[in-house]
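A quick write-up on the structure given underneath.
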Amino acid sequence: MKIAVTYENGQVFQHFGHTEAFKIYDVDGKTVTGSAVVDTAGSGHGALAGFLSERNIDVLICGGIGGGAKNALAAAGITLIGGVQGDADKAVEAYLNGSLSYDSDATCDHHGEGHHHHGGTCGHGSCGSH
């Protein structure tokens with residue numbers, strides 16, 4: 001199994017569509033067997049689902065994420081674990097042992113009027129640094 005985490009400075013980055021890197025973990029059973037930080041090379045929003053799919057990612061752990069990206073991940077068969085904050089390595093460890101606290105409805109919507117949050121937050125209420 002492969003798990004990707006939106007990544008910045010060891011933490012789960014809080015805006016999927018603006019992440020500049022993923023930390024990708026290779027997992028055997030419940031054990032991480034390796035990991036690497038991979039630059040997105042400027043890919044953003046919907047293109048990131050393809051980026052992950054090309055790397056055979058099974059699970060994505062992230063902070064806030066928009067509806068279009070959620071749909072693209074679902075179409076690619078990637079399980080989404082959204083609304084996660086904190087240390088990336090610890091989030092993967094918690095996911096593998098079944099204790100990860102997350103918000104399955106976490107969204108980040110920049111396409112409406114103003115800045116709305118539905119069913120969750122996008123980091124610290126600001127969707128990363130705009």
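Here the structure is a predicted model, which means the values were calculated and not measured.
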Name all pairs fulfilling the salt bridge (charged side-chain N to carboxylate O under 4.0 Å, His left out) condition that reach into residues 71-84, sequence neighbours left out, sorted by first residue then second.
none
Enumerate the residue pairs fulfilling salt bridge (charged side-chain N to carboxylate O under 4.0 Å, His left out) with a member in residues 79-89, sequence neighbours excluded, ordered by first and then second residue.
K23-D89
Verify the cluster assignment for V37 and F22: are they in a single hydrophobic cluster under the rule of side-chain heavy atoms below 4.5 Å apart?
no
For the residue pair [X] and [Y], what are the closest heavy atoms and their distance?
X: G82; Y: Y102; answer: O-CB, 3.3 Å
X: S101; Y: V84; answer: O-CG2, 4.3 Å
X: A49; Y: F16; answer: N-CZ, 4.3 Å

Measuring from E8:CD to H15:NE2, what's the distance to the nearest 0.5 Å?
12.5 Å
Atom pair OH/OG1 of Y95 and T79 - distance to nearest 0.5 Å:
6.0 Å
Of all residues at least two apart in sequence or in a different chain, which pass the side chain to side chain contact (heavy atoms under 4.5 Å, CB included) check with [X]?
X: T31; answer: none
X: S99; answer: A94, N97
X: A76; answer: S53, I78

Checking Q14 side chain against V12 main chain: does a donor-acceptor pair fall under 3.5 Å?
yes
Side-chain donor or acceptor of T6 paired with backbone N/O of F13 under 3.5 Å
yes
Hey, does T33 have a side-chain heavy atom less than 4.5 Å from the side chain of V27?
no
Is there a side-chain contact between V92 and V5 (heavy atoms, below 4.5 Å)?
yes
Could you walk me through whether T40 and T19 pass the side-chain contact (heavy atoms from CB on, under 4.5 Å) test, one step at a time?
CA-CA 8 Å; T40 63; T19 193; 4.3 Å; yes
Those residues at least two apart in sequence (or on a different chain) that pass ring-ring contact (aromatic ring centres under 6.0 Å, His included) with Y7 are none
For atom CG of D28, is the number of surrounding heavy atoms from other residues, nucleotides or ligands below 6.0 Å larger than 12?
no
What verdict does the side-chain contact (heavy atoms from CB on, under 4.5 Å) test give for I81 and L100, after you've listed the backbone C-alpha separation in whole Å, the side-chain angles of each residue and the deciding distance to 0.1 Å?
CA-CA 9 Å; I81 308 297; L100 182 63; 3.6 Å; yes
Only distances under 3.5 Å count here; give the side-chain donor-acceptor pairs of residues 55-66 to other protein atoms, sequence neighbours excluded, each with its distance to 0.1 Å.
from : atom 1 : to  : atom 2 : distance (Å)
R55  : NH1    : F51 : O      : 2.8
D58  : OD2    : K2  : N      : 2.8

